[in-house]
Amino acid sequence: AFGIGSSVNRHIFEGLANAGMGMHFLITGQGDAEATAQKFRKYIQNPVLTHIAVSYDKFETYDIEPLSIPDVFSERPVLIFGKYRGNPSGSIVLKGTNGEGKYETSLPVSTVKASEDNVALRYLWARERIRTLSDYASTGYDGSDEYKPEIIKLGLKYNLLTSYTSFI
């Protein structure tokens with residue numbers, strides 16, 4: 001998404017970029033135009049993997065964020081957050097298309113052990129989930145308040161700032 005000018009509604013602008021699974025580029029003055037255009041060109045110049053699909057073999061996952069996986073470019077990796085039940089075994093299978101054709105890789109999960117050093121991951125998942133729900137809530141349609149209770153619940157459970165919660 002591109003925003004041009006000093007009065008761009010950043011909330012809507014950034015929400016459009018998030019909903020489109022892309023990046024946002026803002027040009028506030030004439031001096032920014034060339035540098036921002038170069039940044040955009042560099043960003044899209046090297047697609048690494050497109051038409052991405054992820055599956056989880058031999059373990060149950062839920063609350064995966066984002067639901068649709070955006071294309072991977074060399075300038076921006078894609079992060080997938082989620083939860084699982086039970087003891088993970090098997091693998092995460094990533095499929096897509098790259099410059100050479102079909103691509104598939106398998107990442108074994110049974111070799112990875114839970115660690116207290118990774119406690120921040122739950123907050124990263126919650127932040128991503130709140131961002132997604134907030135984008136849906138900001139669409140302005142009549143049912144947009146349906147996301148408010150879940151946003152509040154996540155904000156309080158994970159001690160995160162949302163548009164409905166604050167901490168002093």
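The chain is numbered in sequence order, starting from 1.
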Enquirer: Are there over 12 heavy-atom neighbours, none belonging to Q45, within less than 6.0 Å of that residue's CD?
Expert: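 Correct, the count exceeds 12.
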Enquirer: According to ring pair (Phe, Tyr, Trp, His ring centres under 6.0 Å), who are the partners of H51, at least two apart in sequence or on a separate chain?
Expert: none
Enquirer: How close do T165 and G155 get, counting heavy atoms only, and between which atoms?
Expert: OG1-CA, 4.3 Å
Enquirer: Looking at every heavy atom in both A17 and H24, which two are closest together, and how far apart are they?
Expert: CB-CB, 3.7 Å
Enquirer: For R41, check salt bridge (charged side-chain N to carboxylate O under 4.0 Å, His left out) against everything at least two apart and list the hits.
Expert: none
Enquirer: Do the side chain of S6 and the main chain of G29 share a donor and acceptor less than 3.5 angstrom apart?
Expert: no
Enquirer: F2: what forms a ring pair (Phe, Tyr, Trp, His ring centres under 6.0 Å) with it, not counting sequence neighbours?
Expert: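 Scan of F2 (ring pair (Phe, Tyr, Trp, His ring centres under 6.0 Å), adjacent residues dropped) gives F25, F40.
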Enquirer: Using the side-chain contact (heavy atoms from CB on, under 4.5 Å) criterion, which residues pair with N9? Sequence neighbours excluded.
Expert: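 Counting only residues at least two positions away or on another chain, N9 forms a side-chain contact (heavy atoms from CB on, under 4.5 Å) with H11, I12.
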Enquirer: Sorted by first residue and then second, give each ring pair (Phe, Tyr, Trp, His ring centres under 6.0 Å) pair with at least one member in residues 76-114; sequence neighbours left out.
Expert: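 Found none.
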Enquirer: Would you call T162 and S134 a side-chain contact if the rule is heavy atoms closer than 4.5 Å?
Expert: no
Enquirer: How long is the straight-line distance from CD of Q38 back to NZ of K42, given to the nearest 0.5 Å?
Expert: 10.0 Å
Enquirer: Output all residues satisfying side-chain contact (heavy atoms from CB on, under 4.5 Å) with E100, sequence neighbours left out; order by chain, then residue number.
Expert: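 Counting only residues at least two positions away or on another chain, E100 forms a side-chain contact (heavy atoms from CB on, under 4.5 Å) with N98.
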Enquirer: May I have the list of side-chain donor-acceptor pairs in residues 105-123 shorter than 3.5 Å, sequence neighbours left out?
Expert:
{"residue": "S106", "atom": "OG", "partner": "S91", "partner atom": "OG", "Å": "3.0"}
{"residue": "K113", "atom": "NZ", "partner": "S110", "partner atom": "O", "Å": "3.2"}
{"residue": "S115", "atom": "OG", "partner": "D117", "partner atom": "N", "Å": "3.0"}
{"residue": "R122", "atom": "NE", "partner": "V119", "partner atom": "O", "Å": "3.3"}

Enquirer: Under a 4.5 Å cut-off applied to non-hydrogen side-chain atoms, are I92 and I80 in contact?
Expert: no
Enquirer: Out of curiosity, N87 CG to K58 NZ, how far, rounded to the nearest 0.5 Å?
Expert: 14.5 Å
Enquirer: Would you say Y147 and D135 make side-chain contact, with heavy atoms under 4.5 Å?
Expert: no
Enquirer: Determine which pairs satisfy salt bridge (charged side-chain N to carboxylate O under 4.0 Å, His left out) with at least one residue from residues 6-16, sequence neighbours left out, and list them in order.
Expert: R10-E14
Enquirer: To the nearest 0.5 Å, tell me how far I152 CD1 sits from I130 CD1.
Expert: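 Spacing of CD1 (I152) from CD1 (I130) equals 10.5 Å.
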Enquirer: Return the minimal non-hydrogen interatomic distance between R127 and L160, and the atom names on each side.
Expert: N-CD1, 3.8 Å
Enquirer: Side-chain atoms of residues 61-69: list all donor-acceptor pairs with protein atoms under 3.5 Å, sequence neighbours left out, distances to 0.1 Å.
Expert:
{"residue": "E65", "atom": "OE1", "partner": "T132", "partner atom": "OG1", "Å": "3.1"}
{"residue": "E65", "atom": "OE2", "partner": "R129", "partner atom": "NH1", "Å": "2.7"}

Enquirer: Taking only residues two or more places apart in sequence or in another chain, which ones pass side-chain contact (heavy atoms from CB on, under 4.5 Å) with V72?
Expert: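 So V72 forms a side-chain contact (heavy atoms from CB on, under 4.5 Å) with V48, L49, I52, V78.
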Enquirer: Please identify each residue that fulfils side-chain hydrogen bond (donor to acceptor under 3.5 Å, both in side chains) with D32, with sequence neighbours left out.
Expert: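 In terms of side-chain hydrogen bond (donor to acceptor under 3.5 Å, both in side chains), with neighbours along the sequence ignored, D32 is linked to T28.
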Enquirer: Using a 4.5 Å cut-off on heavy atoms from C-beta on, say whether the side chain of K153 contacts that of E150.
Expert: yes
Enquirer: Identify whether L156 and I151 are in the same connected component of the hydrophobic contact network (ILVMFWY, side-chain heavy atoms under 4.5 Å).
Expert: yes
Enquirer: I'd like to check the side-chain hydrogen bond (donor to acceptor under 3.5 Å, both in side chains) partners of S163; sequence neighbours left out, ordered by chain and number.
Expert: none
Enquirer: To the closest 0.5 Å, what do you measure between CG (L133) and CG (L154)?
Expert: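 The CG atom of L133 sits 6.5 Å away from the CG atom of L154.
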